[in-house]
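Notes to accompany the following structure.
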Amino acid sequence: MKKRVEMMVKSVEEIALDTFEMTLENAFIAKAAVPGQFLHLLVDGHTLRRPISIANIDSNRGTVTILFKWIGDGTKRLASCQAGMNVSAIGPAGNGFIYDASMNTVLLVGGGIGIPPLYYLGKELRQYGVQVKSFLGFQTDKHIFYEEKFREIGKTYIVTDDGSYGFRGFATDVLDNIGDFDHYFSCGPIPMLQSVTNKLGKYSGSISLEERLGCGVGACLACVIPAGSEGGYRKICSDGPVFAADEVML
Ligand code: FES
């Protein structure tokens, strides 16, 4: 169950071009959150909260790590927070990834700022003994983050749009000859998710549409997406952000 809490900023660091890692302390969120969920943060000077997915949890220390891009006034203010400041958050919000220890091998396919929730998921899966293969797409070599962290949990393929590091192209371009796996998990821009679900359509998969979140609380309808065969619509913020790959139409 989500709660409104105050989270103390422990650190803020620019870890890649325009990409910030912030670690926040709150024992409740660190205990309650599961991979795929997000925090709904109130940035100083703004009235609307900003949904940002959880990239890591250290339950022993009671800390939660988020990654965000410096793209507007809200994220600029967030990036300028100092250690010791408090940030108001509602969380853990949304429905996370569904997985279990019976899986042998899974694929993580992520693009850009859709990658952070896949790290938290991959770390949890490794603890269950699940083999993890990661396919991560970034704009350029300067935008790459968490490469070593992903390599620690399994085989990792890095792709850049311009070929400045790793393979050239998109994460989906290296999804050939992937061998056997039980399930794929994907998060990133909609065109990438369309490509992933087309390419891996015959496999069982889950997608997170967290990049499409607006207000995060069901008020703006910016996140509404048509449902698949069942018809109707889904709200990404309250029904997701994680869905079975065939549950929504991208
Ligand atoms: Fe506003 Fe879902 S993000 S209604």
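In this text, all values refer to a predicted model and were calculated from it rather than measured experimentally. Note that ligands are numbered from 1 as they come in the structure, with each ligand's atoms numbered from 1 the same way.
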For L221, atoms of ligand 1 separated by under 4.0 Å from a heavy atom:
1 (Fe), 4 (S)
Sub-4.0 Å atoms of ligand 1 with respect to non-hydrogen atoms of C220:
1 (Fe), 3 (S), 4 (S)
Below 30° counts as parallel, above 60° as perpendicular, anything between as tilted: where do the rings of F20 and W70 land?
tilted
Verify the distance test for C223 against atom 2 (Fe) of ligand 1: any N/O/S atom under 2.8 Å, yes or no.
yes
H143 and T19 side chains, donor-acceptor separation under 3.5 Å
no
Under a 4.0 Å heavy-atom limit, does P51 contact ligand 1 with its side chain, its backbone, both, or neither?
neither
Tell me yes or no: between the side chains of T140 and S164, is some donor less than 3.5 Å from an acceptor?
no
Can you name the closest pair of heavy atoms from D58 and R61 and give their distance?
OD1-N, 3.1 Å
